[in-house]
Visitor: 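Supplied in structure tokens, the structure appears directly below.
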Amino acid sequence: MAKNLVIVESPAKAKTIEKYLGKDYSVKSSFGHIRDLPKKGMSIDIAKNFAPTYEISPEKKKVVAELKKALKGAEVWLASDEDREGEAIAWHLCEALKLDPKKTKRIVFHEITKSAIEAAIENPRTVDMNLVDAQQARRILDRLVGYELSPVLWKKVRPGLSAGRVQSVAVRLIVEREREIKDFQTQSSFKVTATFHTPEKAELPAELTDKIVDEEKAEAFLQACAGATFTVKDVATKPGTRNPGAPFTTSVLQQEAARRLGYSVKQTMTLAQRLYENGHITYMRTDSTILSGLAIKAAEDYITKEYGAQYHQVRQYKTKDKAAQEAHEAIRPTDFRKVAAGDDPQQKKLYDLIWRRALASQMAPAQIDRTEILIDVSDRTEQFLGKGEIVKFDGWFKVYGGGKEDVLLPPVQVGEKLALQAAEAHQTFSRPPARYGEAGLVRKLEELGIGRPSTYAPTISTIQTRGYVEKGDLQGEERTVVHLALLKGAVLRDEQTEVHGADRSKLTPTSAADVTTDFLVRHFASVVDYDFTATVEEDFDAIADGKRKWEDMLKEFYKDFHALVKEGENVSREETSQARVLGPDPKSSKPIIARYGRFGPMLQRGETESEEKPDFAPLPEGVDLEDVTLEQALEMFKLPRTVGTTEQGEEIKSNIGRYGPYIQIGKLFVSIKGHDPMKITEEEARELYAAKLKQEAERHIADFGKIKILNGPYGPYVTDGTKNARIPKETDATKLTETDAKKILDEAPAKKRFGKRAAKK
DNA sequence: CAGTGAGCGAGCTTCCGCTTGACTT
């Protein structure tokens, strides 16, 4: 057994460090946090100064047991990350392993190199309890907010919903962006472009410096151009430089991987994890842009050797984000000489991106010459501008994109006359703000200082699994675009259609998000404020600096927060459900109401309190609660509709249910996705019914009465009506007897209970 | 995601942050 036990957070890190430290040291990993508040219940004694009850997380029991075994007779060195969470991990390790936090050695290093680790071992300290307290305050505040706010939503909006310091702001951002888009007033204007000939007959493209707002003026201008003369007013060539971006942090990696490779945030992180585990890249969850001295040197060697010294420039980047904790380096390849790495094409592409970005960050700026030619139009105030751009020296463009094509302009002199070859005006439209994609939302959250590199991906999935946000492609709409062209002295007009608003994998809010956000903004404004996290972070910093006691900070926060919770419980469901009376039903004169019900948005006919029970209908497809009209609602109450009868004379009814439109014949339901239940004909319904009967027949492999063997999408299975069980691959389902089937059912594990799936908008 | 097609019932749900497996939804 080794004399020394070093505990780090990540097993991959442990492996590397063990190599550097030699025989006397054994290096093990805690796999992140080992203790936490129990998942069930608040576990905070508010009356006793917010005293938390921690437990060893169930999935970490094994880890703790192994660490206990390993520390016998060894000196322990706590080497978790040097940030708030890392310090807390060190302290929790002391508590779980029965080590004295005042005596146990605590070491930190920011880069995994032999010298950095040896230096750390030379300078041990003990656990910084102020920093630990700052983490406890953070942890407890998040629990208080999450576990007091969520139950309010269960009562007032819908069971199973959740709220939290991070996720509720993420949802709010998406809701508000969608509203901006909806309210956006599109403005149209005309962009005028022209092609000139120089006296040497060289082509010079140019664009009018200002857009023209209306069509008549655009047409008048083009007409004026027909008889005008054009003079070069000014020629200017300005040298410029462009510098590379910093090496990747987690959020920038997610953005660039989404933009250039089309990866989702989660996908990027999984691929990066593999690259990290195989030693190809440094740690992938970081907010730092700092490169180690060794990496900077290695980049210099590689660039000088491969591209020449003129391509190299040493750069150290400062991390912009003030909330950054900088426990790690920037994301970079561990060895720049490794041009390719990764087990599959996706990993390889991500590695390539990381390699290029990190290398480019140590390269010389690109040198660009920009030329601008200003052209006067006789008797007019408008001016044309020709823009050229030539890359004189590519610098970092060589490895990281930026490779736009040169636009070369012909040489001209001031005062020279130009001949107009062609001129046209294109209608353009102002664009609403863009919807967030996953990576764009992460970027915004980081900008607001909300969330951490390790939580960006999980947050994005949480708001989707809770049913607040949907990710999908947007269809776009057609619109008419006017195009004017000057031809032989006359202006020709034509119209074209273009599609606008189409977009891929963007985040859109559901009505659950609308209703929840409105409720939270109205009654818990301080918590969903965009500055809330930044404000409490200042308090956490004060605690870390020993200037504030964590109990005092929590007491102050909780007093106001809990008062809001109490008030929130008195809010009527009518208010939160955004109930809106659309008008009276012409037949029954009962009110038709649109509101957010327990199972999502719905239409209701009649009052909830009245003796006669109200009846309900879903919203029409693609219509929002706030937009639905009385006419649309009345249509929905025409369902269920009698379509006709089967050939045997049974009644066929059509309706819309939880899973879309269907027809019903007796007890049999047939999904009719793609058909309108209002319009489906008897003939169509009979066809679908026949198809369903045929499919049903094929599904039955054997029928023993209660127990049946059926064909499912995952192969044959046994069912007794309530419980299903898979049939093992090697057995022939058609030869099973009733007793065999019963045995399979009995041996199958009990059905797992799952939460209801989130209702769709 | 098989099949499912109701309308306040029982009991349950929930937070953020640190880190990887497990045998599968």
Side-chain angles (χ1 to χ4, degrees), chain A residues 8-14 29-37 39-44 57 59-60 62-63 80-81 83-89 92 135 138-155 158-168 270 273-274 276-277 283 285 325 327 450-456 458-459 462 466 533 573 597-600 602-604 608 613-618 640 653 655-664 667-671 696 699 710-717 719 721 724 726 752-757:
Chain A
V8 295
E9 292 182 37
S10 149
K13 207 164 156 181
S29 149
S30 75
F31 293 81
H33 274 294
I34 51 153
R35 294 208 314 173
D36 192 13
L37 300 169
K39 243 182 98 120
K40 245 186 117 41
M42 185 64 86
S43 311
I44 297 165
S57 310
E59 75 274 15
K60 296 294 169 58
K62 250 174 99 175
V63 174
S80 45
D81 298 342
D83 58 16
R84 202 161 64 201
E85 298 298 326
E87 204 66 22
I89 289 174
H92 279 298
Q135 192 274 348
R138 197 282 302 157
R139 180 68 190 92
I140 293 168
L141 180 130
D142 281 335
R143 172 55 68 93
L144 289 169
V145 170
Y147 275 36
E148 287 209 2
L149 220 42
S150 300
V152 180
L153 295 183
W154 302 342
K155 276 183 230 145
R158 199 176 83 192
L161 289 178
S162 63
R165 176 175 58 81
V166 173
Q167 59 169 287
S168 296
T270 311
Q273 175 88 31
R274 289 283 101 73
Y276 166 69
E277 283 167 4
Y283 197 58
R285 287 184 278 262
Q325 312 220 356
I450 300 172
R452 310 259 36 242
S454 67
T455 59
Y456 296 142
T459 300
T462 299
R466 294 277 174 279
T533 293
R573 257 199 73 76
R598 239 174 115 72
F599 301 96
M602 62 170 198
L603 298 164
Q604 180 178 338
T608 314
K613 277 207 169 172
D615 48 350
F616 304 91
K653 285 187 293 186
N655 203 353
I656 298 174
R658 258 202 289 183
Y659 315 100
Y662 65 94
I663 51 170
Q664 185 177 7
K667 278 184 181 168
L668 184 74
F669 294 87
V670 184
S671 176
E696 276 291 301
R699 263 187 67 216
L710 305 174
N711 240 330
Y714 309 125
Y717 67 99
T719 181
N724 301 342
R726 285 190 88 136
K752 276 186 198 158
R753 294 297 308 165
F754 278 100
K756 262 191 201 123
R757 279 182 55 209

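Protein chains get the first letters and strands the later ones, always in sequence-line order, with residue 1 at the start of each.
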Visitor: I need the minimum non-hydrogen distance between A:L141 and A:R165, along with the two atoms involved.
Guide: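 It is CD2-CD, 4.1 Å.
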Visitor: Which comes earlier along DNA chain B counting from the 5' end, the contact point of A:P458 or that of A:G160, where each point is its nearest nucleotide?
Guide: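 Going by which nucleotide is closer to the 5' end, it is A:G160.
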Visitor: C1' atom, B:dT25 versus B:dA2: distance in rounded Å?
Guide: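 About 13 Å, rounded to a whole number of Å.
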Visitor: With sugar-phosphate meaning primed atoms plus P, OP1 and OP2, does A:T462 contact a base, only sugar-phosphate, or nothing at under 4.0 Å between heavy atoms?
Guide: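 The residue A:T462 makes sugar-phosphate contact but no base contact.
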Visitor: May I have the distance from A:K40 (atom NZ) to B:dC15 (atom P), rounded to whole angstrom?
Guide: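 It is 13 Å, rounded to the nearest whole Å.
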Visitor: Would you say B:dT20 has OP1 or OP2 under 4.0 Å from some side-chain N or O of A:S10?
Guide: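 Answer yes for this pair, as a side-chain N or O of A:S10 is under 4.0 Å from OP1 or OP2.
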Visitor: Specify the separation, in whole Å, of atom CZ of A:R158 and atom C1' of B:dC8.
Guide: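 Atom-to-atom, A:R158 to B:dC8, this comes out as 15 Å.
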Visitor: Evaluate the side-chain proximity of A:S150 to A:S162: yes if any heavy-atom separation is below 4.5 Å, no if none is.
Guide: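 Yes, their side chains come closer than 4.5 Å.
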Visitor: Can a side chain N or O of A:R285 be found less than 4.0 Å away from OP1 or OP2 on B:dT20?
Guide: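 So the side chain of A:R285 is within the cut-off, an N or O lying under 4.0 Å from OP1 or OP2 of B:dT20.
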Visitor: Would you mind classifying the nucleic acid contact of A:K62 as base, sugar-phosphate or nothing, using non-hydrogen atoms under 4.0 angstrom?
Guide: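 A:K62: no heavy atom of the nucleic acid under 4.0 Å.
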Visitor: Atom CG of A:L153 and atom OG of A:S168: how far apart are they, to the nearest 0.5 Å?
Guide: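 Interatomic distance, A:L153 CG to A:S168 OG, rounded to 0.5 Å: 7.0 Å.
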Visitor: Less than 4.0 angstrom between a side-chain N/O of A:R466 and OP1 or OP2 of B:dT14, yes or no?
Guide: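 The answer is yes; a side-chain N or O of A:R466 sits under 4.0 Å from OP1 or OP2.
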Visitor: May I ask whether A:F31 stacks on the base of B:dT19, given the cut-offs of 5.5 Å between ring centres and 30° between planes?
Guide: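 Per 5.5 Å and 30° rule: no stacking.
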Visitor: If I compare all heavy atoms of A:R158 with all of A:R466, which pair ends up nearest, and what's the gap?
Guide: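 Taking every non-hydrogen atom into account, NH2-O, 3.8 Å.
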Visitor: Just compare B:dG17, B:dT19, B:dT14 and give me whichever is closest to any side-chain atom of A:P11.
Guide: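 So the nucleotide nearest the side chain must be B:dT19.
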Visitor: By nearest atom, which of the nucleotides B:dG17, B:dT19, B:dT14 is closest to the A:E9 side chain?
Guide: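 Taking heavy atoms from C-beta onward, the closest nucleotide is B:dT19.
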Visitor: Counting distance alone, no hydrogens or angles: does the base of B:dC16 have a donor or acceptor under 3.5 Å from a partner atom on the side chain of A:R138?
Guide: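 Result: at least one qualifying N/O pair found.
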Visitor: When rounded to the nearest Å, what value does the distance between P atoms of B:dT13 and B:dG17 take?
Guide: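 About 22 Å, rounded to a whole number of Å.
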Visitor: When you get a sec, tell me which of B:dT14, B:dC18, B:dG17 is the closest nucleotide to the side chain of A:K60?
Guide: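 Selected nucleotide: B:dC18.
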Visitor: How is A:Q273 classified with respect to the nucleic acid when contacts are heavy atoms under 4.0 Å: base, sugar-phosphate, or nothing?
Guide: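 If one applies the 4.0 Å heavy-atom cut-off, A:Q273 turns out to touch the sugar-phosphate alone, with no base involved.
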Visitor: I want to check one thing: is the phosphate of B:dC16, taken as OP1 and OP2, less than 4.0 Å away from some side-chain N or O of A:Q167?
Guide: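 Yes, within the criterion.
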Visitor: Looking at A:Q664, does any N or O in its side chain come under 4.0 Å of the phosphate oxygens OP1/OP2 on B:dG5?
Guide: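 Result: no.
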Visitor: Please confirm whether the shortest side-chain N or O distance from A:K155 to OP1 or OP2 of B:dC8 is below 4.0 Å.
Guide: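 Result: no.
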Visitor: May I ask you to verify whether the side chain of A:R139 and the base of B:dC15 hold a donor-acceptor pair under 3.5 Å?
Guide: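 Answer is yes: a donor-acceptor pair is held.
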Visitor: For the side chain of A:D83, counting heavy atoms from C-beta on, which of B:dC18, B:dG17, B:dT19 is nearest?
Guide: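 Nearest listed nucleotide: B:dC18.
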Visitor: Taking 4.0 angstrom as the limit, do A:D81 and A:K13 come out as a salt bridge?
Guide: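 Salt bridge between A:D81 and A:K13, a charged N being under 4.0 Å from a carboxylate O: yes.
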Visitor: Taking only side-chain nitrogens and oxygens of A:Q135, does any of them come within less than 4.0 Å of OP1 or OP2 of B:dG17?
Guide: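 False: A:Q135 side-chain N/O out of range (4.0 Å or more) of B:dG17 OP1/OP2.
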Visitor: Which pair of heavy atoms, one from A:F31 and one from A:K60, lies closest together, and at what distance?
Guide: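 The pair with the smallest heavy-atom distance is O-NZ, 2.9 Å.
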Visitor: Which listed nucleotide (B:dC16, B:dG21, B:dT13) is nearest to the side chain of A:E277?
Guide: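 Of the options given, the side chain of A:E277 lies nearest B:dG21.
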Visitor: I want to check something: taking the side chain as every heavy atom from C-beta on, are A:R84 and A:R139 in contact at a cut-off of under 4.5 Å?
Guide: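 Side-chain contact under 4.5 Å: no.
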Visitor: Rounded to the Å, how far apart are A:K39 NZ and B:dC18 C1'?
Guide: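 Interatomic distance, NZ of A:K39 to C1' of B:dC18: 16 Å.
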Visitor: Which part of the nucleic acid does A:V145 contact within heavy-atom distance under 4.0 Å: base, sugar-phosphate only, or nothing?
Guide: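 No contact.
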Visitor: Please tell me which of the listed nucleotides, B:dC15, B:dC16, B:dT19, lies nearest to the side chain of A:D142?
Guide: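 In terms of side-chain proximity for A:D142, the closest of B:dC15, B:dC16, B:dT19 is B:dC16.
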Visitor: With sugar-phosphate meaning primed atoms plus P, OP1 and OP2, does A:G86 contact a base, only sugar-phosphate, or nothing at under 4.0 Å between heavy atoms?
Guide: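 Nothing, no nucleic acid heavy atom in range.
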Visitor: A:T455 side chain N/O closer than 4.0 Å to the phosphate oxygens (OP1, OP2) of B:dC16?
Guide: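 No, outside the criterion.
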Visitor: Side-chain N or O of A:Y283 versus OP1/OP2 of B:dT19: is the shortest distance under 4.0 Å?
Guide: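 It does, given that an N or O in the side chain of A:Y283 lies less than 4.0 Å from OP1 or OP2 of B:dT19.
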Visitor: Checking side-chain contact (heavy atoms from CB on, under 4.5 Å) for the pair A:E87/A:Q135: CA distance, chi angles, key distance, verdict?
Guide: CA-CA 8 Å; A:E87 204 66 22; A:Q135 192 274 348; over 6 Å; no
Visitor: For A:W154 and B:dT13, are the ring centres under 5.5 Å apart with planes inclined under 30°?
Guide: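 It does: the ring sits over the base of B:dT13.
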Visitor: Taking atom P in both B:dG11 and B:dA6, compute the distance separating them and give it to the nearest angstrom.
Guide: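 One P to the other, the span is 24 Å.
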Visitor: Is there a side-chain contact between A:R84 and the phosphate of B:dC18, meaning an N or O under 4.0 Å from OP1 or OP2?
Guide: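 Answer no for this pair, as no side-chain N or O of A:R84 is under 4.0 Å from OP1 or OP2.
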Visitor: Expressed in whole Å, how much space separates the P atoms belonging to B:dC1 and B:dA22?
Guide: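 Going atom to atom, P in each nucleotide, I get 27 Å.
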Visitor: Under 4.0 Å, heavy atoms only, any strand: does A:G164 hit a base, just the sugar-phosphate, or nothing?
Guide: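 Sugar-phosphate, backbone atoms only, no base.
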Visitor: Suppose you measure atom P in B:dG3 against the same atom in B:dG7; what distance do you get, rounded to whole Å?
Guide: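 Roughly 23 Å separates the two P atoms.
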Visitor: Write down the distance separating the P atoms in B:dT19 and B:dT24, rounded off to the nearest Å.
Guide: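 Nearest-Å result for B:dT19 against B:dT24 at atom P: 28 Å.
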Visitor: Counting side-chain heavy atoms from C-beta on, which of B:dT13, B:dC18, B:dC16 comes nearest to A:R165?
Guide: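 Of the options given, the side chain of A:R165 lies nearest B:dC16.
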Visitor: Would you mind classifying the nucleic acid contact of A:A163 as base, sugar-phosphate or nothing, using non-hydrogen atoms under 4.0 angstrom?
Guide: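 Contact class for A:A163: sugar-phosphate only.
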Visitor: Would you indicate what A:S162 reaches in the nucleic acid, counting non-hydrogen atoms under 4.0 angstrom: base, sugar-phosphate, or nothing?
Guide: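 Sugar-phosphate: the residue A:S162, judged by heavy atoms under 4.0 Å, touches backbone atoms but no base.
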